[in-house]
Amino acid sequence: MTEKKKMNPTKKILLSMLIGLVVGIGLHYIIPDGFFKQSVLIDGVFYLFGQGFVRLLQMLVVPLVFFSIGTGVMQMRDISQFGRVAIRTLVLYLITTALSVAVALFLAKMLKPGIGMNLVEAANSSTPAADAEKAPTLIETIVNIIPKNPIEALANGNMLQVIFWAFITGIIVGRFGEELKPLEDLMEAGNDFMMKVTALVMKAAPIGVFALIARTFTDIGLGIVGPLLTFLASVLGSMVIVILLAYLPLIVLTSKSSPMHFLKKVFPVYTFAFSSASSNATIPLTLSSCDTLGIPREISSFTIPLGATINMNGTAIYQGCAVIFIANAYGIDLTFGNLVTVVLTAVLSSIGTAGVPGSGMIMLSMVLSSVGLPVEGVSLIMSVERIVDMFRTALNVTGDVVSTFISATQEKLLDKERYLSDEKPMMEEVGL
């Protein structure tokens, strides 16, 4: 008797998303609003399994980032190599983020989303708008990276401070390996432990993805019409342009091969990032995907957690399109100086913003304030926020992997044989 072949893990995720989509839309239009729909389904079953899965992933983030970056830097004994990787990665992240928001502004100017909105009704909507926050200055951002209390930074999940402390730990332990052998063993054991815990949690991915998608569409259905469709077209079109003009050429130039093999290996990560809408939650799978691309952990364990914190290409696109949408909706003309301000503020505000669902709303409030647009305009696009969040997170994570791939290639550390193999990422290894 032949053994029954297990379904491909990526197909499991896609099937879960499809079923969740169908179930959510069906429930939205079939079941009337009321106690059963709101309390038992949206705020009960779907919330329990969806947010429960997200919480499991969030549980992994801080220790995983700390041990992953710590061991990666520790193994990178050459400090000059570490400096090159750090500078190259940071520059790549910032340049691609600036390019993304510039592309979004250009395309949104062409498509003119927001024209024809009924602002009287929208402005009086009962949906709460995000509170305006002032974008931190560059000096404040740099100073705030240094934790006053490393334990407090770990407890509060302040990712830039956690990353900074992991850098320091990895550098010191790596430099004084013999003297600090117990700490070196502890860091490596901690990293191995987090990989095993991650593998266990990832087994629940199909259930969690189904619940997240089903809850989203049970709540909003297909209520994306009129000017919002143009807004979505601006966002998705900008993402396609960035992939075609930036990501694919960079992959071809660095690997000297077709980008299709790269995209095939990254696809499971893209799918999972789309469903979870959290760059941080996707870190374990992103690291595993980097392994299959032939990228050594000494590179990826540094660049991927850093990217989940500061590389917000998808979010920058969302902000650029949202600014044009809200300006058009309110009949406000933006000057060239305003557009430059949007680019600079979007790049700056992306540094240190949490890679979790919904963080883009806070970033957007900063950008709107910087050019004098009404912050309450955020409420106009909240109905599609979750859907856009899924797409922009997927692009954020893909950008992390592309930049990591470039860094590994430039340092001549890419395992080309492993890159060209058909090796699958961690989901297959754990039998997800």
Side-chain angles (χ1 to χ4, degrees), residues 95-123 125 127 129-130 132-133 135 223-246 312-350 353 358-396 399:
I95 288 177
T96 54
T97 300
L99 173 65
S100 296
V101 69
V103 167
L105 289 171
F106 175 78
L107 186 60
K109 274 288 198 180
M110 298 284 290
L111 296 180
K112 297 179 171 53
I115 297 294
M117 290 289 289
N118 186 344
L119 291 184
V120 175
E121 182 180 342
S125 171
T127 306
E133 292 191 23
I224 307 170
V225 292
L228 288 179
L229 282 177
T230 310
F231 170 68
L232 282 178
S234 301
V235 173
L236 299 182
S238 299
M239 290 181 178
V240 171
I241 291 173
V242 168
I243 291 172
L244 294 177
L245 294 185
M312 300 289 177
N313 297 343
T315 305
I317 286 174
Y318 161 74
Q319 291 173 349
C321 293
V323 164
I324 300 299
F325 175 83
I326 293 171
N328 287 339
Y330 281 93
I332 300 173
D333 292 326
L334 295 176
T335 65
F336 179 76
N338 291 145
L339 299 181
V340 172
T341 300
V342 169
V343 174
L344 294 176
T345 307
V347 172
L348 184 59
S349 65
S350 71
T353 300
S359 60
M361 301 298 286
I362 302 301
M363 292 175 62
L364 178 57
S365 69
M366 296 180 186
V367 176
L368 292 175
S369 298
S370 71
V371 290
L373 289 176
V375 176
E376 57 268 24
V378 171
S379 64
L380 304 179
I381 54 177
M382 287 189 74
S383 63
V384 295
E385 158 65 15
R386 175 66 187 185
I387 295 174
V388 175
D389 201 3
M390 294 189 289
F391 280 105
R392 69 182 182 230
T393 301
L395 188 70
N396 289 343

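All of these numbers come straight from a predicted model, not from anything done at the bench.
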With a 3.5 Å cut-off and sequence neighbours excluded, list the donor-acceptor pairs that the side chains of residues 231-244 form with protein atoms.
unit_1	atom_1	unit_2	atom_2	d
Ser234	OG	Thr230	O	2.9
Ser238	OG	Ser234	O	2.7

Just by distance, do the side chain of Asn396 and the backbone of Asn313 share a donor-acceptor pair under 3.5 Å? yes

Hey, what do you get for [atom1] ([X]) to [atom2] ([Y]), rounding to the nearest 0.5 Å?
X: Leu111; Y: Phe325; atom1: CG; atom2: CZ; value: 13.0 Å
X: Leu334; Y: Ile326; atom1: CG; atom2: CD1; value: 10.5 Å
X: Ile332; Y: Ile324; atom1: CD1; atom2: CD1; value: 11.5 Å

